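Worth saying up front: this structure is predicted, and the values here are computed from it rather than measured. Just so it is clear, the values below take in all heavy atoms, side chains as well, and ignore hydrogens, waters and symmetry mates. Both ligands and their constituent atoms are indexed starting at 1 by order of listing.
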Amino acid sequence: MKFFIDTANVKEIESALSMGLINGVTTNPSIIAREGKEFIATMKEISALIGPENYLFGEVIALKADEMVKEGRELVKLHKNFVVKIPMCAEGLKAVKQLSAAGIPTCVTLCFSVPQALLAANAGAAYVAPFIGRIDDIGWNGTQLISEIKEVFDAHGIATKIVAASTRHPVHIVDIAMLGTHIATVPFKTLLQLIEHPLSKSGLEKFLQDWESVPKK
Ligand code: E4P
């Protein structure tokens, strides 16, 4: 399972890249707003930072299909592996169909159900992003949604990749990895949590403590 960091913060992206943890960066309008900088300038900065081998996901703002397509066509110029995020709605599906016909990869975002995921796939989306944390927030089961979408896609030979979005903690990551999810979008804080284990910490402390008793030259 690949990890895409869910941030537009350059320091966080640099840090995750330096540890070899990520294969891409995912953004949305809220993530961009958090940094307080202009959208295209921010995306250009991230694009240069991650290099051509990684992926960059960015979202359109328009609500009409033709305008979404226009925005998408501009956004893909920002990076070799740019994926245009399109919100789940009727106009969004029209835009996905057109962009996909033009060979531009899309990710249908704000997906909260199996039918929505199926429609996104049928419209031609290369990726679909179910928001598992937000599903949990309303008392449903986000991991269960990933499992159901995976089962349906596998049963029908659908090639659309599942991007488990809105992950909030390490248990989400373990659960979706065990389901064979293609990609997880992960906040920086959660990436750091994944590194930690109390036995790794205490084990290292013991190694260093024992090393003190080793005769030195
Ligand atoms: C993906 O990029 C999604 O927009 C993101 O994971 C949403 O996360 P949130 O539900 O924590 O805002």
Side-chain angles (χ1 to χ4, degrees), residues 1-10 12-13 16-17 21-37 39-40 42-43 45-47 49-50 54-63 68 71-72 75-76 78-79 81-89 92 95-96 99 105-113 116-117 120-121 125-146 149-150 160-177 179 181-194:
M1 184 171 76
K2 304 285 187 202
F3 290 168
F4 289 0
I5 192 168
D6 221 5
T7 187
N9 183 285
V10 167
E12 291 181 353
I13 296 167
L17 283 170
L21 302 184
I22 56 166
N23 294 91
V25 174
T26 43
T27 65
N28 64 30
S30 306
I31 288 171
I32 296 292
R34 217 173 288 150
E35 298 309 309
K37 296 189 289 188
F39 177 44
I40 296 298
T42 305
M43 294 306 264
E45 193 178 5
I46 297 171
S47 174
L49 189 63
I50 64 176
N54 293 309
Y55 286 79
L56 180 56
F57 283 47
E59 191 162 336
V60 299
I61 297 302
L63 294 175
M68 289 177 180
E71 265 187 67
L75 288 175
V76 286
L78 294 171
H79 189 265
N81 288 325
F82 197 95
V83 176
V84 181
K85 290 176 81 175
I86 305 278
M88 180 68 208
C89 59
V96 168
L99 287 167
T106 57
C107 173
V108 171
T109 187
L110 292 169
C111 171
F112 294 94
S113 73
Q116 286 183 332
Y127 303 86
V128 63
F131 278 33
I132 66 174
R134 293 193 196 184
I135 292 271
D136 290 354
D137 289 345
I138 60 163
W140 294 357
N141 187 331
T143 305
Q144 177 69 25
L145 175 61
I146 297 291
I149 294 172
K150 178 95 178 38
T160 302
K161 289 193 169 143
I162 300 171
V163 181
S166 182
T167 63
R168 300 274 164 78
H169 48 71
V171 176
H172 270 155
I173 305 304
V174 175
D175 288 346
I176 60 175
L179 292 170
T181 307
H182 303 106
I183 297 157
T185 75
V186 193
F188 185 61
K189 177 175 160 256
T190 310
L191 273 180
L192 296 183
Q193 284 179 313
L194 294 173

Exercise. So, does H172 use its side chain to make a donor-acceptor pair with the main chain of D175 at under 3.5 Å?
Worked result: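 No, because the side chain of H172 does not come within donor-acceptor range (under 3.5 Å) of the backbone of D175.
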For this session: Check whether any side-chain N or O of T26 sits under 3.5 Å from a backbone N or O of I5 as a donor-acceptor pair, and report yes or no.
Result: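 Such a contact is found between T26 side chain and I5 backbone.
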Exercise. Which pair of heavy atoms, one from I22 and one from N54, lies closest together, and at what distance?
Worked result: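 Looking at all heavy atoms of both residues, the closest pair is O-OD1, 3.8 Å.
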Problem set entry | Minimum heavy-atom distance V108-M88, with the two atoms named |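 Heavy atoms only, the tightest pair is CG1-SD, 3.7 Å.
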Exercise. Would you say R34 and I31 make side-chain contact, with heavy atoms under 4.5 Å?
Worked result: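 Yes, their side chains come closer than 4.5 Å.
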For this session: Using a strict cut-off of under 4.0 Å between a residue heavy atom and any atom of ligand 1, list the qualifying protein residues by chain and number.
Result: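 D6, T26, N28, K85, F131, R134, A165, S166, R168, T185.
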Exercise. Of L179, I149, L145, which is the lone residue that meets side-chain contact (heavy atoms from CB on, under 4.5 Å) with I162?
Worked result: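 Exactly one option meets the side-chain contact (heavy atoms from CB on, under 4.5 Å) with I162, and it is I149.
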